[in-house]
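Residue numbers start from 1 in every chain, and the chains themselves are labelled A, B, ... in the order their sequence lines are given, proteins ahead of strands. What you see is a predicted model, and the numbers here were worked out from it, not measured in a lab.
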Number of protein chains: 2
Amino acid sequence: MPKPKYHVIVCTTTRPPGNPRGSCGEKGSKELVPAFFAEMEKRELFGQILVTESSCLGPCPIGATVVVYPDGTWYKGVKPADVAEIMEEHISNGRPVKRLAIPEEMWG
Amino acid sequence: MPKPKYHVIVCTTTRPPGNPRGSCGEKGSKELVPAFFAEMEKRELFGQILVTESSCLGPCPIGATVVVYPDGTWYKGVKPADVAEIMEEHISNGRPVKRLAIPEEMWG
């Protein structure tokens with residue numbers, strides 16, 4: 001396999017409904033994974049982009065959380081409808097999607 | 001939470017014994033996670049370093065696979081006994097552990 005150009009990490013941790021921390025899984029993050037795969041297939045990016053599921057990434061209340069490396073862009077509140085934009089703007093054009101990124105001032 | 005300085009990603013995918021692809025879980029990668037946490041505690045790095053479990057990262061036959069970002073160092077064949085060295089040399093001193101890194105020529 002080639003070394004991936006981008007690595008997209010999707011938190012799929014799921015806690016039961018009503019858990020005070022919430023979870024990305026509860027917010028539907030499991031649906032993001034096939035959405036990313038469908039976009040990869042459409043853009044013929046298999047082998048260039050790695051998409052993996054992750055245990056808890058931390059910012060549960062503002063999930064679903066997605067992190068993209070190597071640049072280390074953290075996305076919050078990601079919905080399946082956002083995936084095409086992340087793939088087009090960030091992965092294909094190298095421009096992280098600002099409206100979805102966790103702002104610097106939110107990091108404690 | 002602060003933005004993590006390093007993100008350590010451990011593949012914990014487990015396939016049944018005898019599966020032709022093998023898996024990191026079958027090679028004991030689940031033990032790496034508490035080993036990283038113990039080293040983080042020892043070095044008081046909680047909140048600075050993020051350690052997460054991952055679905056399949058790809059290089060199953062040479063697992064257990066661990067990836068460290070932001071530098072994107074991929075480690076192969078990682079054993080619990082290697083974790084202290086990765087934490088000391090790479091995470092604390094900023095020098096990736098060459099003997100464990102997947103060599104550039106192994107990327108297809």
Single-linkage hydrophobic cluster A/Tyr69~B/Val67, side-chain heavy atoms < 4.5 angstrom: yes

Heavy-atom contacts under 4.5 Å, residues 53-62 of chain A to chain B: A/Glu53, A/Ser54, A/Ser55, A/Cys56, A/Leu57, A/Gly58, A/Pro59

Contact residues of residues 5-43 of chain A (partner chain B; heavy-atom separation under 4.5 angstrom): A/His7, A/Ile9

Connected via hydrophobic side-chain network under 4.5 Å: B/Leu50 and B/Val68: no

With A/Glu44 via salt bridge (Lys or Arg N to Asp or Glu O under 4.0 Å) - residues at least two apart: none

Heavy-atom contacts under 4.5 Å, residues 77-100 of chain B to chain A: none

Donor-acceptor under 3.5 Å (A/Lys3 side chain, B/Glu104 main chain): no

Residue pair A/Met1 / B/Trp107: nearest heavy atoms and the distance that separates them: O-CE3, 3.4 Å

